Number of protein chains: 2
Amino acid sequence: MPRSQATDLYAVRENNLSLVLNMVRRAGAISRADLVRQTQLSATTVSALVNVLLESGFVVETGIGESSGGRPPIMLAFVYEARHVLGVEMGATHLTAVLMDLHGQIIGRQYQQFATLANPTGSINQITQLLQMIIAAAAINPSHLLGIGLAVPSPLDGENLDQLSTVIMPQWAGYDLKATLQPLFKLPVYLENDANAGVIAEQWWGRGRDYANLAYIKLGTGVGSGLIVKNEVYRGDGGTAGEIGHTTITSDGPLCRCGNRGCLESFVGAPALIAEVNQHRQINGEAAVHSINDIVAAANQHDPICRQVIDKAGAYLGIAIANLINLFNPGLIVLGGELAAAGNLLLTPVHQAVTQRAMSKAASEATITTSQLGANAIAIGAGTLVIHHAFQPANLGLTLGMKGR
Amino acid sequence: MPRSQATDLYAVRENNLSLVLNMVRRAGAISRADLVRQTQLSATTVSALVNVLLESGFVVETGIGESSGGRPPIMLAFVYEARHVLGVEMGATHLTAVLMDLHGQIIGRQYQQFATLANPTGSINQITQLLQMIIAAAAINPSHLLGIGLAVPSPLDGENLDQLSTVIMPQWAGYDLKATLQPLFKLPVYLENDANAGVIAEQWWGRGRDYANLAYIKLGTGVGSGLIVKNEVYRGDGGTAGEIGHTTITSDGPLCRCGNRGCLESFVGAPALIAEVNQHRQINGEAAVHSINDIVAAANQHDPICRQVIDKAGAYLGIAIANLINLFNPGLIVLGGELAAAGNLLLTPVHQAVTQRAMSKAASEATITTSQLGANAIAIGAGTLVIHHAFQPANLGLTLGMKGR
DNA sequence: TAACTTTCTTTGGACAGTTGACAAAGTAAG
DNA sequence: CTTACTTTGTCAACTGTCCAAAGAAAGTTA
């Protein structure tokens, strides 16, 4: 059932300009002739569009390339330092803010422990402070900041999916994070769920570059996932898609905080794993662990209890992933969050469960891996959100500093 | 990560023409002035595009509408009989072929019991025969046939997802259904998985008209689902998305034919339900049931065993649907297949399980219902596939019979 | 009857990408 | 070195898009 939008000539220009710009950005260095071949546009049009980009400063000519039997091409390069973006991960108990260039390189970073859930005003102030410190510390032109991306530990709600969920974060009812920060910095502010920020980071800078459909599973206190479908974040009708943490693994399992029984989160959420390890440790008279990091570290030191707990978690996780594969058939699944640091200790039982439980074709074609982006992954994803929006056709005029219509 | 396509001026025209045509089609009757308001195009452009459509015969002026305080509008109507399409449901044990107009109205129908899985050549011949009979019987202009849609009981495979899966239908290896029928009828042929055809039918002609994200669950011998994401069928990376039948409901349940344990299909697939009813009936010395239809009929006659079996199936189905809602957060879920005829006997336990198990916001926002399209739903969906393609911007020139560029 | 509103068409123009000719700058071969 | 060829990139003329403005058509309202 088609439901498209009207197109005019400005839209054509925007679309083709975006196409060329993103091709240069992805390639890093490329000639006009190659752009002609890859875009299917005429040489004239490519030349004209490239001239616009050269004037904007996002693209430069870097010299002469290698001849392929005729006149050698003039190489064009994307200027990844032409603009910068800010990304913030608002966790339940911490804030991470990063300043990035257009290549996802971190130029500045601030970290702060902070109990965000119960303190909206304080959180907003803290975020503001962290961002101001980063900007002050970095030697960049403030007018070259494209915007602020915010990853939050809540599904998005509201008419435009740009509000925090008052169900998950009741104390934030009445606070509008986006509308508050926007005037303070005079920059566009984009909100996104943390797992969605994770999947964006993976598709832009991680292993997801070549996948149109992928999932990111964030293993933390809660267990959530971000889905990219046909190269776009998929939020579902109400903004809560990807709630893999509360899918049923076994219909009569333990009671979950959501009221259901046998949820994935009640098996592999951080509290469950920590409690399980400590139960054994108490019996053995050993010191308790306090975080997933402790468990992973101990497992790496061959602690048998921790290894066993991780192994079991992987088996349960594998069931949920098998369901995800059957339903969603993604090309790639990336595991993130603290537990992902366990690497193969986690991946091995996951693979085993998936092979056993998912439809063989979909399972054998899906790659499952742990994230390589480290602790800043979510903040990086938040910043990437800004880049994504800035380079959308409709926003390109603003980003490049072109005069309005 | 943007990955769009180059746009030229023909594409602009195609897009806007498609926009206007589909708006007229959906509205049934509408004035140029209303098209201007809804499309955001200029009055000039709308007039020009409407003239093209009038010439093509897909749209006619039907008279004068009601004035809203000024000159009364000239009403435009879509001509749903301008073209026709053929749709075929190839089931495991039967073939249904329909001839439809552009309103989804069935003009002709043929049904034939046929064991398709083991007999590719025979199936193709049978399909050919049924279609030829329908065409011969109907008083339509053969040159006004837009194409043939085929729904098959298999995920799609191959480079372009236009082949049957050799895993599910091994005896069809080496047969190319699409390439065989295309030259016979000299018409475009489109292949689709049966559950996907079901979800297309629901979005076009059923309760899904106003939903961008919806799921259709086909309850038959197997259990599969079709997903529409952002108004397009979603097939996943390998063409197997929507395999809800083999999601794990309970990690240590009965063995399924797929080798896994506790699959939804092993609880609510037709063989399981029939066996369960008959087990009770044998004890009671009653006659055995042979189909889901038998069970539903008995349940409607207040047979306690059949009611109990349906009730239990609904509870299991509800668990899978809760998982689907948590992951995909669709606005609508339609239950189809023979078992859907049980109506509220099935829906009540499904709703109960979903309320208990899915995240409350997503669950309360999702509508779950049974299909109203009847036994021809899948064949109708197959035919609709042709309409969908014919009205895509890129194919509009051909459909309207316009001269090439 | 005159003024107003709404619908639809006509006219002229701005601007998109394209085609084809051509300039620029190399390679390949005698 | 010279000539022929290839590849890269630009320029001018052109086709075809949508749009804004003006106006014609056909009603309502007072």
Side-chain angles (χ1 to χ4, degrees), chain A residues 4-20 24 29-55 59 61-76 393-394 396-397 402-405, chain B residues 4-20 24 29-55 59-76 393 396-397 402-405:
Chain A
S4 51
Q5 273 214 345
T7 313
D8 62 5
L9 277 75
Y10 294 102
V12 172
R13 186 66 149 185
E14 281 170 349
N15 180 68
N16 289 340
L17 196 57
S18 164
L19 183 67
V20 170
V24 178
I30 194 171
S31 69
R32 289 175 180 80
D34 274 333
L35 287 172
V36 169
R37 282 183 283 267
Q38 290 188 33
T39 58
Q40 309 263 39
L41 291 166
S42 73
T44 314
T45 302
V46 167
S47 254
L49 295 174
V50 165
N51 284 340
V52 173
L53 298 178
L54 289 172
E55 244 177 89
V59 170
E61 296 187 338
T62 54
I64 306 299
E66 201 153 327
S67 164
S68 64
R71 172 176 170 178
I74 304 167
M75 298 309 289
L76 304 166
L396 214 49
M402 295 161 69
K403 292 149 207 146
R405 300 194 167 188
Chain B
S4 51
Q5 271 213 346
T7 313
D8 63 6
L9 278 76
Y10 295 101
V12 172
R13 186 67 150 185
E14 280 171 350
N15 179 69
N16 290 339
L17 196 56
S18 164
L19 184 67
V20 170
V24 178
I30 193 170
S31 70
R32 288 175 181 80
D34 275 331
L35 287 171
V36 169
R37 282 184 282 268
Q38 291 188 33
T39 58
Q40 311 262 37
L41 291 166
S42 73
T44 315
T45 302
V46 168
S47 255
L49 295 176
V50 165
N51 284 340
V52 173
L53 297 179
L54 289 173
E55 245 177 87
V59 170
V60 289
E61 296 186 339
T62 54
I64 305 299
E66 201 153 328
S67 163
S68 65
R71 171 177 171 179
I74 304 168
M75 298 309 289
L76 304 166
L396 214 47
M402 296 161 68
K403 293 147 204 147
R405 300 195 167 185

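In the text below, chain A, chain B and the rest are named by the order of the sequence lines, each starting its count at 1. Fair warning: this is a prediction, and the values are worked out from it, not measured in the lab.
The nearest heavy atom of DNA chain C to B/D34 and to B/G69 marks one nucleotide each, and the one closer to the 5' end goes with B/G69.
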Look for any protein N or O under 3.5 Å of an N or O in nucleotides 17-21 of chain D and output each such pair with its distance, or none.
residue : atom : partner : partner atom : Å
D/dC18  : OP1  : B/N16   : ND2          : 3.2
D/dC18  : OP2  : B/R13   : NH1          : 2.5
D/dC19  : OP2  : B/S42   : N            : 2.9
D/dC19  : OP2  : B/S42   : OG           : 3.0
D/dC19  : OP2  : B/T45   : OG1          : 2.9
D/dA20  : N6   : B/T44   : OG1          : 2.9

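Between A/R37 and D/dT8 there is a side-chain polar atom (N or O) within less than 4.0 angstrom of OP1 or OP2.
In this structure, A/I64 atom CD1 and C/dT27 atom P are separated by 12 Å, rounded to whole Å. A/R71 places its CZ atom 18 Å from the C1' atom of D/dA4, with the value rounded to the nearest Å. Distance, A/N15 CG to C/dA16 C1': 12 Å, rounded to whole Å. Look at CG on A/L396: it is 14 Å from P on C/dA16, rounded to the nearest Å.
A distance of 5.0 Å separates CD1 of A/I74 from CD of A/E61, quoted to the nearest 0.5 Å. Interatomic distance, B/I30 CD1 to B/T62 OG1, rounded to the nearest 0.5 Å: 11.5 Å. Here the straight-line distance linking atom CE of A/M75 with atom CD of A/E66 works out to 10.0 Å at 0.5 Å rounding. Distance check, rounded to the nearest 0.5 Å: CG of A/L49 to OG1 of A/T44 gives 10.5 Å. Interatomic distance, CD of A/Q5 versus CG of B/N16, reported as 10.5 Å (0.5 Å rounding).
Across all strands shown, B/I74 has heavy atoms under 4.0 Å from sugar-phosphate atoms exclusively, and none from any base.
The A/S68 side chain lies nearest to D/dT7 when the options are D/dT7, D/dG9, C/dC8.
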